[in-house]
2 protein chains.
Amino acid sequence: MQHDAWSPPPVLLTVDLVILTLRDGHLHVLLVERGEDPFRGMSALPGGFLNHDGEEILDAAHRELSEETALTSSWVHLEQLGVYGEADRDPRGRVVSVAHLAIAPGLPEPVAGTDASDAAWVPAHAVLSGKVEVAFDHRRIATDGIEHARTKLEFSSLATAFCGAEFTIAELQQVYEAVWGTALDTRNFYRKVQAAKGFIVPLGTDRRSTGGRPAQLYRAGPKTVLFPPLIRPAPPAAEENMRGEEE
Amino acid sequence: MQHDAWSPPPVLLTVDLVILTLRDGHLHVLLVERGEDPFRGMSALPGGFLNHDGEEILDAAHRELSEETALTSSWVHLEQLGVYGEADRDPRGRVVSVAHLAIAPGLPEPVAGTDASDAAWVPAHAVLSGKVEVAFDHRRIATDGIEHARTKLEFSSLATAFCGAEFTIAELQQVYEAVWGTALDTRNFYRKVQAAKGFIVPLGTDRRSTGGRPAQLYRAGPKTVLFPPLIRPAPPAAEENMRGEEE
DNA sequence: TGAATAGTGTCTGTGAGACAGTATAGG
DNA sequence: CCTATACTGTCTCACAGACACTATTCA
């Protein structure tokens, strides 16, 4: 942190958001259509520059989030993901982006932000697979964000952020299945979420009917870290290479 | 990432390093004595501003690392930790720091860097407990870095970065014990590290004598993520509150 | 042969996955 | 009573922690 008399080179700081939600049982990412150069007309993650008046980075992320989704801070999970600052990532010059991960309960419809021409929920697999082109290094950022969410579902109560204030265990299971992209055994899932004390707490005998037996309602519990964790099933690996990546 | 005609406020970017190593069986952090204002004479994490010529953030971290420890990039683990950009964290103005975590094998002696008056290995607990005062928000950064390393030891082969190219299982166990601050059962440790295929690979029948039976030498294996992981023993909790933090 | 370090084998309980049936509502 | 959804109980196996002894070198 020490410095000499020479003035260090200033950079421009932006905040970019990987906003995830569940729509019809599938994981979606919010993308906006860029209304300005560079990459005008192309899809990109929502985000923007810091305000002038010494705005905090996290505050800027909250601001962008509410501009894009009309979501209040409550019931939204927001955390820092990492810095993306490669020198050539933005043709305008040295622009360093602080990426954030936001998790929101299913939202009715996207809201066009002030800066963006249009906003839309895009299936996560379309972004991951490259079927949808995105500006800058935003595919990388989105990929990192989704993987971060997948991992964090195992060890934290992050999944409840995809649900509203009240939810059933079946809904919670759908969250895990959608984010992980795998089917889970209902009985084992019930056992495990209830074994992790402090994860979810039952709301009296409340219920909600959809044509079958009413379901118990739960809300998020006080615990942030899950113990025991809900380990993600290993994807079918090519024999003797179970889980574990080469260097 | 969209922007208007107004020019966004530039910020100054620094790179700060949490460099960890093992010395006489204890975890140590490298601190430098600041030679410049602000906080002149106080301890701080090594770091500095980006160079002018479009230097990459990771390159800057490598540069600071070698300036401070005379360590080549090889055998050093270096990864991004996070961004620390609170508006009032630096009295000079808006200075945003990209913190990095570096893990190095035991180094003989610290090397005074170009910018720092002095550099010294400080026991991690002295920094965590607050016994050593550090400048800026560097205690927070160091705390986050150490916790990150502790967690990552469970699921990745990071521990081998604390060792040289060749090491014994006993040495590897000392790494885990020092970083986690707990004693481990030798027999279970042997079983687990050998069960995680690709973690360590034996080097023929090489050996090294220190007065007892020669030990098998190993080197780091190709796998980066450990499966099964080496779960950190839960610290003795106050009954019925085993692992899991309040919100 | 004694000291010092390296390495191994077993038992037991808990948790994870596989699996099938019961319970309660609306029509 | 049929359908649709919510929930529960058991068995088995693999892994984790606790624990004690054997192996190899040097002085």
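Lettering follows sequence order; numbering is per chain, from 1.
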For nucleotides 23-27 of chain C, list the nitrogen or oxygen atoms of the protein found under 3.5 Å from its nitrogen or oxygen atoms, one pair per line.
from   : atom 1 : to     : atom 2 : distance (Å)
C:dA25 : OP1    : A:R207 : NH1    : 2.9

Whole angstrom value for the distance that separates [atom2] of [N] from [atom1] of [X]:
| X | N | atom1 | atom2 | result |
| --- | --- | --- | --- | --- |
| A:Q194 | D:dT8 | CD | C1' | 10 Å |
| B:L217 | C:dG7 | CG | P | 9 Å |
| B:L172 | C:dG7 | CG | C1' | 15 Å |
| B:E171 | C:dG7 | CD | C1' | 15 Å |
| A:I231 | C:dT14 | CD1 | C1' | 15 Å |
| A:K197 | C:dG15 | NZ | P | 11 Å |

_Heavy atoms from other residues, nucleotides or ligands near NE2 of A:H26 exceed 12 (cutoff 6.0 Å)_ =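 Not buried by this count: 12 neighbours or fewer within 6.0 Å.
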
Which residue pairs satisfy the salt bridge (charged side-chain N to carboxylate O under 4.0 Å, His left out) criterion with at least one member in [range], sequence neighbours excluded?
| range | value |
| --- | --- |
| residues 156-172 of chain B | B:E171-B:R208 |
| residues 123-134 of chain A | none |
| residues 210-220 of chain A | none |

*Nucleic acid contacts of residues 184-191 of chain A, taken as heavy-atom distances under 4.0 Å to DNA chain D*: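 Hits under 4.0 Å, by residue number: A:R187, A:Y190.
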
_Using a strict heavy-atom distance below 4.0 Å, which residues from residues 173-181 of chain A are in contact with DNA chain D?_
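None, since no heavy atom is under 4.0 Å.
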
Residues that [X] engages under side chain to side chain donor-acceptor pair (under 3.5 Å), provided they are two or more places apart:
| X | value |
| --- | --- |
| B:Y218 | B:Q194 |
| A:Q173 | A:E177 |
| A:Y84 | A:D144 |
| B:D185 | B:R187 |

*Can you tell me if B:R139 uses its side chain to pair, donor with acceptor, with the backbone of B:V132 under 3.5 Å?*
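The answer is yes, because a donor-acceptor pair under 3.5 Å joins these two groups.
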
*Among all residues two or more places apart in sequence or in another chain, which pass the salt bridge (charged side-chain N to carboxylate O under 4.0 Å, His left out) test with B:E79?*
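Partners of B:E79 by the salt bridge (charged side-chain N to carboxylate O under 4.0 Å, His left out) criterion, ordered by chain and then number, come out as B:K152.
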
*asked:* Under 6.0 Å between ring centres: does that hold for B:F162 and B:Y176?
replied: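 When the ring centroids of B:F162 and B:Y176 are compared, they turn out to be at least 6.0 Å apart.
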
*Residue whose closest nucleotide on DNA chain D lies nearer the 5' end, A:I169 versus B:P228*: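 The answer here is A:I169.
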
*What are the residues of residues 158-168 of chain A, sorted by number, that bring a heavy atom to within less than 4.0 Å of DNA chain C?*
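When residues 158-168 of chain A is checked for heavy atoms under 4.0 Å from DNA chain C, there are no hits whatsoever.
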
*Taking only Lys NZ, Arg NE, NH1 and NH2, and the carboxylate oxygens of Asp or Glu, determine whether A:E154 and A:K192 approach each other closer than 4.0 Å.*
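Salt bridge: no.
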
*Atom CG of B:L184 and atom CZ of B:R232: how far apart are they, to the nearest 0.5 Å?*
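Between B:L184 CG and B:R232 CZ, I get 11.5 Å after rounding to 0.5 Å.
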
